[in-house]
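Note sheet for the following structure.
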Amino acid sequence: MSKNVSIDWSKLGFDYMKTDLRYVSIWKDGKWDDGKLVEDNKVTISEASPALHYGQQCFEGLKAYRTKNGDIQLFRPDQNAQRLNRSCRRILMPEIPVEKFIDACMQVVKANADYVPPYGTGATLYLRPFVIGIGDNIGVKPAPEYLFSVFCLPVGPYFKGGMAPVNFTIADMDRAAPQGTGAAKVGGNYAGSLLPHENAAKKGFADCIYLDPATHTKIEEVGAANFFGITKGGAFVTPKSDSILPSITKYSLMYLAEHYLKLKVEERDCPIDALDQFSEAGACGTAAVITPIGGIDVGGKLHVFYSETEVGPVTKKLYDTLVGIQFGDVEAPEGWIYTVK
Ligand code: PLP
Ligand code: COI
C-alpha cells in the first residue's frame, strides 16, 4: 500500500510517474469480472490484440482534488463514465456500468492517497481510465476480450505557464472527419494530432487549433482542449460541432457562466475570420483546466485577444469559480462533487 511520498509538488508538469496501485478488470464471455487492484504497471496482451492494430481502444481523463480540510474529491466522474460509454459504443466495445467506473476511480484514489497533492499547491491527481480490445484476432473485427484499467499520477499544469496566456496557430491538418470519431475519446484522434502538434510547436506555439474538417472556416478544438471566447458584449461562446470531443469542463463552464457569472451563453459556430468579436479567449479541459489564449496565428498574422501576457477578467473569474468548486472552496452545483471515502 501507499507510503508517504517525497515529491516537489510545485515542480510537477504533466509527466508520467508510476504510483502504487492501479485497477484492472477483464471482459470475457459477455461480462466484466469484479476487477482488482494490482501493483504491476505493465500490460501483457496478445500480439494480435485489436487495440494494437486497429485502434480499438478509448480512454478518459479526470482528476482528484485535495480540499482545505484534507478530504479528497472527484469532479463529475459520472460524466466521464458516460462519455467513456459513448466512445465504447462508437467502436463496438462493451460499456462499463457507471457505478463500476466510479468505484474503480475511488479504489485507485484511495489506494494512492499519498500521491494526491496537498491543498494549496495547485497540483492534482490525474486519473487515466482506459478500455482496450485484447485477445487473438487478425481480421478487422471487434476483439474477443477487453481490458478496463484505471491508473493515476500527480500532475501540475498541462501547458507551461498554467494560467499564463499562450499562443496557438491554425493546424495544417484535420483531427477528425465529418461523421468520423472526433466526438469519441479514441486513441486514433490523438495519433493523428501528433504531427500537426509538432509542426505548431516547431513554430513556437503551445499547440494548434483545429478547424472544422468540412469547410476549414470554423474553430473546433484547441489541441486536446475545447475553445471558448468571451464576446465584447460579455457572452460566453463555444463552438458546436459533431466532430468535437464534448468537454466536461466546457459544459461545466457553460453552466457556471450562466448561473454563477450571469453571462449569456452560446454554443454556436466560431468562424476563424470573426475573431474580432472576442475580447478574451481560452482553452478548457481536464488537463488544460482553463488556459488563456494570448493570440491565434492565422496565416502568419497573430490575432491577440485580451493580452499576450495577462489574463482577462472574465477568464479569471471563470477559472476561480471552476477551480474553487473543484478544490471545495466554492459551493458546487448539486451532484458535481464525489467525496472519496
Ligand atoms: N478535447 C480533446 C480533444 C480532449 O482530449 C480533451 C480532454 O479530455 C478535451 C477536449 C477536454 O475535455 P474534458 O473537459 O472532458 O477533459
Ligand atoms: C484530458 O484533459 O484529460 C485529456 O485527455 C487531455 C490529454 C492529456 C490527452
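Counting starts at 1 for both ligands and their atoms, in listed order.
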Checklist entry - Is there a ring pair (Phe, Tyr, Trp, His ring centres under 6.0 Å) between F148 and F130 once you walk through the steps? => result CA-CA 6 Å; F148 166 51; F130 63 96; 8.2 Å; no
Contact atoms of ligand 2, heavy-atom distance to [X] under 4.0 Å:
X	value
F59	5 (O)
K185	4 (C), 5 (O)
Y190	9 (C)

Need the ligand 1 atom indices (1-based, order shown) with element for anything under 4.0 Å from a heavy-atom of [X].
X	answer
N226	1 (N), 10 (C)
Y190	2 (C), 3 (C), 4 (C), 5 (O)
T286	13 (P), 14 (O), 16 (O)
G285	11 (C), 14 (O), 16 (O)
E221	1 (N), 2 (C), 3 (C), 10 (C)

Checklist entry - Do the ring centers of Y190 and F59 come within less than 6.0 Å of each other? => result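 When the ring centroids of Y190 and F59 are compared, they turn out to be within the sub-6.0 Å range.
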Checklist entry - In terms of residue, atom name and distance, what is the protein heavy atom nearest to atom 6 (C) of ligand 2? => result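 Residue, atom and distance for the closest contact: A224 CB, 3.8 Å.
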Checklist entry - Which protein heavy atom lies closest to atom 2 (O) of ligand 2, and at what distance to 0.1 Å? => result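 Result for atom 2 (O) of ligand 2: A287 N, 2.8 Å.
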Checklist entry - Quick one: which of Y158, Y126, F14 has a heavy atom closest to atom 1 (C) of ligand 2? => result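 Heavy atom nearest to atom 1 (C) of ligand 2 belongs to Y126.
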Item to check | From the candidates L245, T249, I244, the one that places a heavy atom nearest atom 14 (O) of ligand 1 | outcome: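 Looking at heavy atoms only, T249 sits closest to atom 14 (O) of ligand 1.
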Item to check | More than 12 heavy atoms from other groups under 6.0 Å of NZ on K18 | outcome: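 Enclosed.
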Checklist entry - Should we count NZ of K341 as having more than 12 external heavy atoms under 6.0 Å? => result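 No, NZ of K341 has 12 or fewer neighbouring heavy atoms, counting only those of other groups under 6.0 Å.
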Checklist entry - Is there a heavy atom of K185 sitting under 4.0 angstrom from any atom of ligand 1? => result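 K185 counts as a contact of ligand 1 under the 4.0 Å cut-off.
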Next on the checklist: Would you say that C105 contacts Y338 through its side chain, given a criterion of any heavy-atom pair below 4.5 Å between the two side chains?
Outcome noted: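 Answer no - side chains too far apart.
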Next on the checklist: In the structure I gave you, are the side-chain heavy atoms of I96 and W32 within less than 4.5 Å of one another anywhere?
Outcome noted: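 Side chain of I96 against side chain of W32, heavy atoms only: contact under 4.5 Å found.
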Checklist entry - Hey, are K250 and T238 close enough side-chain-wise for a donor-acceptor pair under 3.5 Å? => result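 Yes, K250 and T238 have a side-chain donor paired with an acceptor closer than 3.5 Å.
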Next on the checklist: Quick one about S25 and K100 (side-chain donor to acceptor, distance below 3.5 Å, no hydrogens or angles considered), yes or no?
Outcome noted: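 Present: a donor and an acceptor within the cut-off.
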Checklist entry - Would you say R175 has any N or O atom under 3.5 Å from an N or O of ligand 1, going by distance alone? => result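 No, R175 has no N/O under 3.5 Å of an N/O on ligand 1.
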Item to check | Min N/O separation G61 to ligand 1 under 3.5 Å | outcome: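 No.
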Item to check | side chain to side chain donor-acceptor pair (under 3.5 Å) between T231 and Q277, intermediate numbers included | outcome: CA-CA 5 Å; T231 65; Q277 68 183 302; over 6 Å; no
Next on the checklist: Do the side chains of E60 and K185 get close enough for a salt bridge, i.e. N-O under 4.0 angstrom?
Outcome noted: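 So E60 does not pair with K185 through a salt bridge.
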Item to check | Residue part near ligand 1, for A224, under 4.0 Å between non-hydrogen atoms | outcome: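 For A224, the contact with ligand 1 is made by both the backbone and the side chain.
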